[in-house]
Every structure is written in C-alpha cells, then in structure tokens.
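What follows is a set of notes on a single structure, which appears directly below.
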Number of protein chains: 2
Amino acid sequence: MKGVGRSGAPTMLDVAREAGVSVATVSAFINNTARVSPGTTGRIETAIRRVGYQRNAVARSLKLGKTHTIGLTVPHITNPFFTEVVAVITQAFDRAGYAVMLFCTDENLSNQDEQIRLLLDRMVDGLIVARVGDDEAFGNIVRTAKVPIVLIDRLCDGIDLDAVVLDNKAAVFEAIEYLARLGHKRIGYITGETDIATMRERDAGYRAALAARGIAFDPLLVRRGDFHEKDGYSAAMQLMTLPDRPTAIFSANNPMVVGAMKAIRDLGLRCPEDVSVICFDDFPFADVFQPQMTTVRQPVEAIGEQAVAMLLDRINGNAPTDPRRLTLRGRLMIRSSCVAVPAASSEPQSQSA
Amino acid sequence: MKGVGRSGAPTMLDVAREAGVSVATVSAFINNTARVSPGTTGRIETAIRRVGYQRNAVARSLKLGKTHTIGLTVPHITNPFFTEVVAVITQAFDRAGYAVMLFCTDENLSNQDEQIRLLLDRMVDGLIVARVGDDEAFGNIVRTAKVPIVLIDRLCDGIDLDAVVLDNKAAVFEAIEYLARLGHKRIGYITGETDIATMRERDAGYRAALAARGIAFDPLLVRRGDFHEKDGYSAAMQLMTLPDRPTAIFSANNPMVVGAMKAIRDLGLRCPEDVSVICFDDFPFADVFQPQMTTVRQPVEAIGEQAVAMLLDRINGNAPTDPRRLTLRGRLMIRSSCVAVPAASSEPQSQSA
DNA sequence: CTAGGTAATCTAAACGTTTCGAAACTGTCA
DNA sequence: TGACAGTTTCGAAACGTTTAGATTACCTAG
C-alpha cells in the first residue's frame, strides 16, 4: 500500500510521516534548497534510513522538465572508431552526472528516425548523434526536436547544429600523398556511398591528392560499399583482379579493411609485398600484428570530450546562439603496411621498407 | 504557455482542446485502450498532427511504474568481448522497444555502486550487469533492488540471480590441453585478480589441464594484473625474462594480450616461432594479420540474446521464481599463433606448424 | 505588551499521463 | 412513451516530486 511505481518503493511521503514533517520539508532537506533546522535534519536522516528511501528520478524529471539523461546514436558500435568515441562519451557524461541512452542505427535511416523519436519522447536533455541517411531526411527528423543536438563524425548540410568532425579531406589527402611519395600510381580506393558528407570529403581528398601528384583519376579504382566487412571483401576482390591492378589500397573505413585484407589473403597475395594498404580509423590491434597497419587516426578523445562539452554548454545555456563547428585534424600513423612500389617507378625518390 | 516540461511541447490537453474532446478520450485513442468512434478518431488524428503532439514518456512512466528502459553496466566497453555483447544486447532491446542506459564501471566498485543506484533511481525495468568487485560488496548493492537483474560473464556467489555465463574452466582447460598436446610444458598464464569468480574458474581450468597432463604447476608462471594492456605488457616481460622461460603463454583476457604481444616484440622475440600464444576472447582482427591469433571464443550472440530473453521474461512475469543459470561452452579457434615446441620434447606425438 | 523581523515549516498546485467509475448519448422493444 | 442495454465520452483522482506563497513560532526592540 505504498503506491504502485517502482514496486511499492517508499516515497517522500513515507519519509515525511516517519519523521513527522511535511514532504516539502523533506524535499527541502534532500535538495538542500532551503534551511532546515538541525533537529528536523536529524529526524529526516534517520527516517530516510529507516524506510529505505531512494529518490524517484522520473517523478523529479517530470516536475523539473530535465532528465539528466542524454541520447547517443551511432551507426555501429563494433566499428572501433565508434567504440572508442562511445567509451569516452559515456565516461564524460558519467562524470558529469548524466546517464546515456545508447542506440545503434546500423546505418539504417528508419531505425535512426525511430530511435531519436524514442529518445525525444523520453525527454532526454540533449542528443549526440553520428547520423546516417541523406541530409534532407535527417533535417526533417531533427527540426522538431526542442533539445540541443551535437553532431559527431558526420555533418548535415541542410541544418545548422553544433558539430565536431574531422578534416576528412586533409586526412585522406595526407594518406594518399604518402602513398604517392612511395611511388604508387594506381591506388585503389574503397569507400562508402556518397550520400554521406563525410564520404564526399574523403573522396575529395583522394582526388585532390591524385591531382596534386599528377596522377590521373581512374574510376575503375574506386569501389563503394555499405561499410561492412563483406563490402570491403568484394571491393578488394574486384580491385585486385583488375587487369592492371592497384599497387596500393586505401580504405575509407575500418570494418571494410578487414574484408579487404581477407580478400588479399584469399587471392594468395601479401601485404605489403604485393600491395600496400592504409585504412581510415586506427584500432588497438593495429600495431601488434604483422603487418603493422598504417592508419589515419582520428583524435577520438578530443572528439568525444569536445562533443560532450558542447552539449553540456548548450544544456546549461552557456553556449553562444550560433552553432559551433569544431574541425579536428587526423594523424597518419605510419607503420609497416606500406612499402615503396618496387619496379617501373618513374619517381626518382625511392624508399625501402 | 504550454507547460514547462520539454520546452513547452504540446500535451494531450492541447490535443484534446483542439479536437474538442477530453484528455481521457485522447489517451484512449492513442493507446487504443477503449473504443472511440470513427468521427472522434478522425478529429483526434488531425489535432495531433496540427499541434505536433508527441507523447511524454516520462509522465507515462511515472503513472505506469514502467519505463521501458533497462540498465546495462560492463567493466570496459573497449574490450572486444564486451563491445560485441553490448552490441547484441542493445540491438535485441531495441527490437523489443526498450531503450538501454549504458555505463562502464572501469572495474571500479564505487563507480558501479553509484551507477546502479542512478539506474534504480531512474526506475529502469531491469538490469543486465557484468559486475566488478567482490561478491559480498555486490550482494549488498543488489539486495535492495526491486527490479530483475541478470548477470553476464561473472556470477555472484552470495546471491541468486539469473545469469548467463561461460563454462570458463572447460574453456581454458581445452586451450591449455591443446598447448600441452603441442608439447608445451612451461605455459605462462596471465590473468586477473582472484576476487572475480570468473578468474578463479579460469585458474582452475589451467591447473586441471596441467594436472591432467602431468605437468607440475609452477607459481612463477602465473602473473596477475588488472585487465589492462599495460598489465599484460609487464606480465609478459617478467615471464619471458625468466631464466627458464615459458614456450607458450595463455592470456585469460583480451586487452592484456595486446600488451603481451608488444612485450614479446620488444624483447626481439617472435610469435609463434619463439613463443606460442593463446588468448581469451576472440576479436574481429584475430584472423586478418600474422600470426593469426588462436583464441577461445565466447558465444557472444547467444550470451547477449539469452540475457535479454531472460530479463524480458522476468519483466513480463514469464519466468519461474527460481533463478535460472545458463552456462555456455566456449570454442577454441585454432589459428596460427601456436606451434609445436621444437626440441627436447618428451611427448612422442609431434606436429609441425 | 506588542509590532516586526527572521527562521522554519507547511499547504496546495503544478508536471503530463492513465484509468476507474459515472454520465451522456444512441437505439430497441415493450 | 419509457425503461434498458450498449456505446462513447468525460471528470477526477492518482503517480512522486518541486516550489511559490502562506503560516507559524520565536525573538528582539520599542
């Protein structure tokens, strides 16, 4: 007979009765939002212990209009980039006293749509999203949201939101440039669909680096997939069975590179002897096995920390009204998966593994 | 002037007024919990669209005593085992219409304590936890919880809860036995502290396999750390600089094996030529680089799915009153990181890499 | 002895739902 | 015409908090 919510858990009213005061006083004591006399303080404290009171956060949220909860959606949590970003974000929010509700959209627009809707229904105080789908669709979902949102990894052209992203073009430019310096002229490029701005930027970096080095762009060398391992596998298969096959492969996404490596292996080829490879997004195992993978590393710590800071600023009203966009630099982690192209290289500079 | 919660979002009352009916009717329509005439249905539908109504899940939860939200805590989300389990669990709950709040305890008892408290305050409908700390401490936290809990990965001796775990003893028995069959007699063992039952079981598997093969247990060959990469590094360092160093290493946890591999490399040793290694918990990159890592794989899919099913059963009252404990079998994924010990083997059976 | 100030506490109305029991219709049949 | 059953709809009380404004108790100063 203690109410029905939370299986009849004791409420403030129980505490109040036990202590012989009103619920207002109990509330005032708990939130110390008003002075309460030492005597009552004591009685309330013991009453709380006696009845085993725990605050009911949902009633509190309803009244206050704040849940101290934020929503986080990412495409795939098993992609090591997202794993790490999720790790730093959850930790940062934990420290700030927030809970985070996590959803994986699996690159699926309608999943994302529904998940964000669910999150909004639950009155989250804010959202961090690594979005999927095209810009317009996302804009529609988001325009109705009344809470702050910060985008990570992927911007949205149609709508102005806080965001922290990578300078994708520069990052792949550097990687492709590095391959070109090693004498590679046929550089395969495995990537995702162009409906995602991030991928368009990476594409631009690829073409710009080629152009800067005077290498002709060959559409046969670019293969698009859906970010999954199997897509990487078939992409690399096609690439490496081309009549004039590439001497290097750049994968614009991490799960796809594991497929690519498997394809290379299944073809009886070796990396780096037969083909150099670089992939986007560093991962913990990159430097423990052979070959040690050359990758472009995103500053995951900074991305997570900054996104959380931005969102918290907005929630607390400490942010300027204009959306802020933070663009971070990637870093090429040069290891051993790339070597100079052996023969027929017209580049004078040579470099051995 | 539309109320304060959710930044003045429209409420049922707004819809009711717009449609010229009472909130009770609107509620009845939305949840279709009572018949409402076609005419009113139409008016309510358009009213909802006109005012842009979205249900307020927290008010609903308060009234209903159910949040359709569950809490999930794991030690480290970057440990690939947990990454995958978290992925499976979030997806399964998503499909069931539940949101999941995720916390990482970082192997820290007081974190876990506080996080579970937070979750309970928020009236989650259930909890899935891969717990940390000793049994007694955990028992105390959990005994006050009024909602169902299912344990994964790690049991708790003091208290009876639903659980899905691995047959850890059998799993490491099989791995050590495999090494012994390859002729290894000095098998280094890198593991965690014994306050965790899971680790005690793995220890038991190690000792049992040794005993079964008539190999003497040498305490110098076991090194305990705190699950982190650096612990694995120093453990392997110590092991491989022993006067009579091991010819094989088994790591009872995944992050520690990357430290171990780095130590092996830094010592100028090679795997598997100089030392065979096996590690607990498979990971996506295990078979793409050299050496391809021999691992013991937990059935992550099944663990996640079963845990979710158990919890949902409890929540819906479809579970027997006695706690259920599901013990799954691991699987040794034999790849190329282990070879037969080259010389001085008294085992007649030999096997080349 | 009382006015007035301060400190402590209380009453009651929200927050946005759900739901029970009652009320208001409709139509049918005696 | 009126009683009755069957639909729809409604009013109002919860769920467990927070908080503004009112009330009480207590002191001090005049």
Side-chain angles (χ1 to χ4, degrees), chain A residues 1-44 47-48 51-68 120-123 125 146, chain B residues 1-44 47-48 51-68 120-123 125 146:
Chain A
M1 273 312 182
K2 292 267 198 59
V4 67
R6 228 173 34 181
S7 316
T11 86
M12 257 187 190
L13 186 60
D14 299 308
V15 176
R17 273 202 273 259
E18 178 79 16
V21 295
S22 76
V23 294
T25 309
V26 177
S27 175
F29 164 73
I30 287 179
N31 304 307
N32 71 348
T33 177
R35 201 177 318 282
V36 7
S37 74
T40 356
T41 293
R43 273 178 303 142
I44 293 178
I48 286 176
V51 307
Y53 173 75
Q54 282 193 210
R55 106 181 339 174
N56 180 325
V58 354
R60 186 158 210 270
S61 294
L62 176 60
K63 184 67 203 169
L64 261 25
K66 300 242 154 281
T67 50
H68 261 68
L120 261 14
D121 284 359
R122 280 177 164 76
M123 272 176 64
D125 295 341
K146 297 296 202 320
Chain B
M1 273 310 180
K2 291 267 199 61
V4 68
R6 227 173 35 179
S7 318
T11 87
M12 255 186 191
L13 186 60
D14 298 309
V15 175
R17 273 204 271 259
E18 178 79 16
V21 296
S22 76
V23 294
T25 309
V26 177
S27 175
F29 165 72
I30 287 180
N31 304 309
N32 72 348
T33 178
R35 202 176 317 285
V36 6
S37 74
T40 356
T41 293
R43 271 178 303 143
I44 293 178
I48 285 176
V51 306
Y53 173 75
Q54 283 192 209
R55 104 180 338 173
N56 181 325
V58 353
R60 185 158 211 270
S61 295
L62 176 60
K63 183 70 201 170
L64 259 25
K66 298 243 154 278
T67 51
H68 261 67
L120 262 14
D121 284 0
R122 281 178 166 74
M123 273 176 63
D125 295 341
K146 296 299 203 318

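We name chains A, B, ... by the order of the sequence lines, and we start the count at 1 in each one.
The interatomic distance linking B:Leu64 (CG) with D:dA14 (C1') rounds to 12 Å, in whole Å. For B:Phe29 and D:dT8, the CZ to C1' distance is 15 Å, given to the nearest whole Å. Atom-to-atom, CG of B:Leu13 to C1' of C:dT18 comes out at 15 Å; the value is rounded to the nearest Å. The CG-P distance, from A:Leu62 to D:dG16, rounds to 12 Å in whole Å. The distance from atom CG of A:Asp121 to atom C1' of C:dT17 is 13 Å, rounded to the nearest whole Å. When rounded to the nearest whole Å, the span between CE of A:Met12 and P of C:dC10 equals 13 Å. For the pair B:Asn31 CG and C:dT17 P, the interatomic distance rounds to 10 Å; values are reported in whole Å. The interatomic distance linking A:Ile44 (CD1) with C:dA8 (C1') rounds to 11 Å, in whole Å.
If you check C:dT17, C:dT19, C:dC15 against the side chain of B:Thr33, the one that comes closest is C:dT19. Here the side chain of A:Arg55 is nearest to one of D:dT9, D:dA14, D:dT18, namely D:dT18. For A:Thr25, whose side chain is taken as the heavy atoms from C-beta onward, the closest listed nucleotide among C:dT9, C:dT17, C:dT19 is C:dT9.
Looking at heavy-atom distances under 4.0 Å, B:Val58 makes no contact with the nucleic acid at all. Here A:Thr40 lies in heavy-atom contact (under 4.0 Å) with sugar-phosphate atoms only.
At least one side-chain heavy atom of B:Leu13 sits less than 4.5 Å from a side-chain heavy atom of B:Arg17. Side chains of B:Asp121 and A:His68 form no contact here, defined as non-hydrogen atoms less than 4.5 Å apart. B:Ile30 has its side chain out of reach of B:Val15: every pair of non-hydrogen atoms, C-beta onward, lies at least 4.5 Å apart. Using a 4.5 Å heavy-atom threshold, the side chains of B:Tyr53 and B:Val26 count as separate.
Checking the phosphate oxygens (OP1, OP2) of C:dT9, a side-chain nitrogen or oxygen of A:Ser37 falls inside 4.0 Å. For A:Arg35, a side-chain nitrogen or oxygen approaches OP1 or OP2 of C:dA8 to under 4.0 Å. Contact check, B:Thr11 against C:dG16: no side-chain N or O comes under 4.0 Å of OP1 or OP2. Taking 4.0 angstrom as the limit, A:Arg60 places a side-chain polar atom (N or O) nearer than this to OP1 or OP2 of D:dT18. Taking only side-chain nitrogens and oxygens, B:Ser22 never comes nearer than 4.0 Å to OP1 or OP2 of D:dT9. Close to C:dT17, at under 4.0 Å from its OP1 or OP2, lies no side-chain N or O of B:Ser27.
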(message) Walk me through whether A:Thr25 and A:Arg43 qualify under side chain to side chain contact (heavy atoms under 4.5 Å, CB included).
(response) CA-CA 11 Å; A:Thr25 309; A:Arg43 273 178 303 142; over 6 Å; no
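Of the possible polar contacts, none joining the A:Thr33 side chain to the A:Ala28 backbone as a donor-acceptor pair under 3.5 Å is found. Judged by distance alone, the side chain of A:Arg122 and the main-chain N or O of A:Thr67 form no donor-acceptor pair under 3.5 Å.
Axis angle, first five pairs versus last five pairs of the helix from C:dC1-D:dG30 to C:dA30-D:dT1: 80°, rounded to 10°.
Of the inter-residue distances, the one linking B:Ser37 atom OG with B:Phe29 atom CZ reads 11.0 Å to the nearest 0.5 angstrom. With rounding to the nearest 0.5 angstrom, the CG atom of A:Asn31 is 5.0 Å from the CZ atom of A:Arg55. Here CG of B:Leu120 is found 9.0 Å from NZ of B:Lys146. Values are rounded to the nearest 0.5 Å.
Residue order along DNA chain C, read from the 5' end via each residue's closest nucleotide, puts A:Pro38 first among A:Val23 and A:Pro38.
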Output a table of nitrogen or oxygen pairs between the protein and nucleotides 20-22 of chain C separated by less than 3.5 Å.
none

